[in-house]
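Here's the structure we're looking at; comments come further down.
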Amino acid sequence: MALSSTAAADYALPIVVLIIGAASLVYLFARNMFAHNGREPPVAPQAIPVIGHIVGMERTSFNYYVELSRQMRGAPIFTVPLPGQKMYVVTSPELVQAVQKQHRVLAFPPIEAKFAAKICGTRPETQALMQINVNGDHGDHGLTTQSYMAMRAALKPGDQLDDMNRVMISEIANHHAVRLWPLNPYDDPAVADAFWEFEKGLMTILVGILPFITCRKSVAARNKVAKAFEAYYLAGGVEKGSALARNRYQVSVDHGLPLEDIARFEVGGSMAILLNTTPAALWTLLLLHSHGDGSLLNDIRAEIDACTETSTAADGQTTVKTLDIASLKDSCPLLLSAYQEVLRYRAMGTSVREVMEDTHLGPWLLKKGAMLQMPSRVMHQDSSLWGANVDEFYPRRFLANEKQHRPRGDVCFRAFGGGKTLCPGRHFATNEILALVAVFIARFDMKPVGDNGWKLPTTTNTNVASVIMEPDYDVQVDVRTRPGMEGVRWDIGLRKSDKIFAMIHAASSPEAKAATALVMMSQTEGAAAPAGTVALGASNGTSGSSPANKNATGVEEERGASTVEDVEPFRNVWLWEDGNMWT
Ligand code: HEM
């Protein structure tokens, strides 16, 4: 049907405006994507014009950058043009180091602040507060900068961290322990389940297209967790909480945040605490049990047994086994090496930075507004760094006498990131994973259900916000009290830990939850000891590292460290000459 001339005239102007608008958008989009200065890093090729990299990421997920890096024949940095966003990918340890030094112009906090606002759903006033001195360029003030200082202060090795570790250990050792930090919202299984429901929709919330329609369930789940935190604060829970919980809360109060937003930030904080610890604990348990002919597990068990003292209780009958988790740091080199190898082998996260102004990185020009990524997996899969067995899980890699299987540089191990934003939770997470794994191995035997041996879960559905690969499904396992341990009473503790784990990782999760639950079933082995099939893996749940119980390399400019003494010097485990990865 033809339009009348009056109607055509009515529509002409809006149509012209629309066409000009669309053309301008396409121009800006194309300029952003295709404009490439000859001094910028070389452009990575894509099979399909414009969307090739997006398709590649969708197809091979966290392995895409490894593939691209191989195609680029090991170029230390290359450009990945994405629709609407230019991305630089750094693959060499030397350049990673250079990026970490230029933390003011290649910055992480601005990205983190945007991420937190979107994920947590805080109000615009709070988001504006977060932007004040967001990068810490103008001193130690502002909500974002002070929040991270507060967290780092609580998580650095010392009495406060020891206290948090003790509560975590009591959770692992004895599920029925008196709650040292009462009112923890995650004690309610419905709140714990809601957290993992929220986590499922993380990416959709981040993409942010009508979240109330596209990820209604996850948004509702997030709001449920936030409401539980509000109730926790109103009931005075935080006053009896860990130093971490108290510090974070106080900074938010000092900046005048409404309770609703303080609670919402705790949901984001829970992500940092739970999201990676959980799968890291799971993989440590699974890989140690499934590796080779069982000799690895036997050797690690022998190390743990050697740290365990045996005595008889006051009743003259009950055998008591006492394990000090701090002693693991001194006496279990194979356990520690295997743990680090788990992190190298299973890490897939990427450190992201925003280019704040046109910047030179070595000979290359980086353009303002672009993003820069340092994918851990590219470096962890580089045979020129880790040797010919880079694709293998090689648990002895980090032992003192295995130097040929690991790089010399201290930036090549990326599981906890590095530089100023090196994960401040690495000590806590490491203690937690090692405690869980050691107690489990000391007390229980675990075998796969069925006759087909161990089959490790695939990881293709891993959330891109994660650092450690997530299992796609559960693994059915049979867990029994170890022969000879029936009727034993276990005393698990942590003496003052004057030693710190100068590396970069940690543990607990839905997967760990299953394992933790097993370990926690009874303090005394016997009738109540767990025996039977359980699922380790993708099922949701929480672990001993629950946020309300919140109970390690940075260089001297580690974020929020007000003094150099606040942080230990950046070292990685394999740098110890004495073969002891604990300093
Ligand atoms: C195995 C467990 C964990 C892994 C693999 C892990 C890994 C990471 C990584 C890769 C980063 C980014 C570093 C960068 O981009 O340079 C990070 C940051 C962070 N992590 Fe962890 N993390 C773990 C556990 C924890 C725990 C238990 C906590 C808290 C108790 C925590 C708190 C944080 C915080 C607050 C940041 C942001 C630091 C900043 O922006 O300055 N993490 N973590």
Side-chain angles (χ1 to χ4, degrees), residues 100-101 103-104 107-113 115-116 130 132-165 167-168 238 241-255 262 265-266 268-277 349 351 353 414-432 467 497 499-507 545 547-572 583:
Q100 289 179 175
K101 282 188 182 138
H103 53 82
R104 299 212 187 281
F108 179 55
I111 302 174
E112 205 176 19
F115 180 90
M130 288 179 78
I132 298 171
N133 190 30
V134 63
N135 205 25
D137 294 344
H138 308 293
D140 290 348
H141 67 271
L143 174 61
T144 308
T145 300
Q146 284 179 291
S147 287
Y148 282 97
M149 288 169 62
M151 286 182 76
R152 289 191 185 276
L155 288 166
K156 72 179 184 192
D159 291 344
Q160 289 182 335
L161 182 64
D162 281 354
D163 283 348
M164 290 188 264
N165 282 328
V167 174
M168 170 271 292
V238 73
S242 67
L244 180 60
R246 281 184 276 118
N247 285 6
R248 268 171 67 89
Y249 177 75
Q250 196 55 49
V251 171
S252 295
V253 168
D254 291 348
H255 284 82
I262 300 179
F265 276 140
E266 279 316 300
S270 302
M271 283 171 49
I273 295 169
L274 294 172
L275 225 57
N276 301 308
T277 317
S351 297
R353 305 290 184 260
R414 303 291 306 165
F416 290 113
K420 195 173 163 72
T421 58
L422 175 74
C423 173
R426 63 199 183 277
H427 296 304
F428 178 70
T430 294
N431 278 321
E432 186 177 22
V467 174
S497 70
K499 300 203 167 188
I500 53 172
F501 199 19
M503 67 168 279
I504 332 146
H505 24 257
S545 65
N549 279 0
K550 284 172 249 179
N551 291 283
T553 284
V555 282
E556 83 285 2
E557 78 268 27
E558 187 176 7
R559 183 173 177 191
S562 45
T563 61
V564 173
E565 303 86 80
D566 277 344
V567 294
E568 80 255 29
F570 182 65
R571 271 162 300 189
N572 267 338
T583 61

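Since the model is a prediction, treat every value here as computed from it, not as a measurement.
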Return the minimal non-hydrogen interatomic distance between [X] and [Y], and the atom names on each side.
X	Y	answer
Cys423	Arg152	C-NH1, 4.4 Å
Ala150	Asn247	O-ND2, 3.1 Å
Arg248	Phe265	NH2-O, 3.1 Å
Met168	Glu432	CE-CA, 3.4 Å
Gln160	Ala153	OE1-O, 3.7 Å
Ser351	Gly417	OG-CA, 3.9 Å

>> Given 3.5 Å as the limit, does a donor-acceptor pair link the side chain of Asn276 with the main chain of Val467, or not?
In response: yes

>> When you measure from the side chain of Asn133 to the backbone of Gly139, do you find a donor-acceptor pair of N or O atoms at a distance under 3.5 Å?
In response: yes

Could you grab the distance from atom [atom1] of [X] to atom [atom2] of [Y], nearest 0.5 Å is fine?
X	Y	atom1	atom2	answer
Ser242	Leu161	OG	CG	10.5 Å
His255	Thr144	NE2	OG1	8.5 Å
His141	Gln146	NE2	CD	8.0 Å

Is the shortest side-chain heavy-atom distance between [X] and [Y] below 4.5 Å?
X	Y	result
Thr421	Arg353	yes
Pro110	Asn135	yes
Val251	Leu143	yes
Leu244	Met151	yes

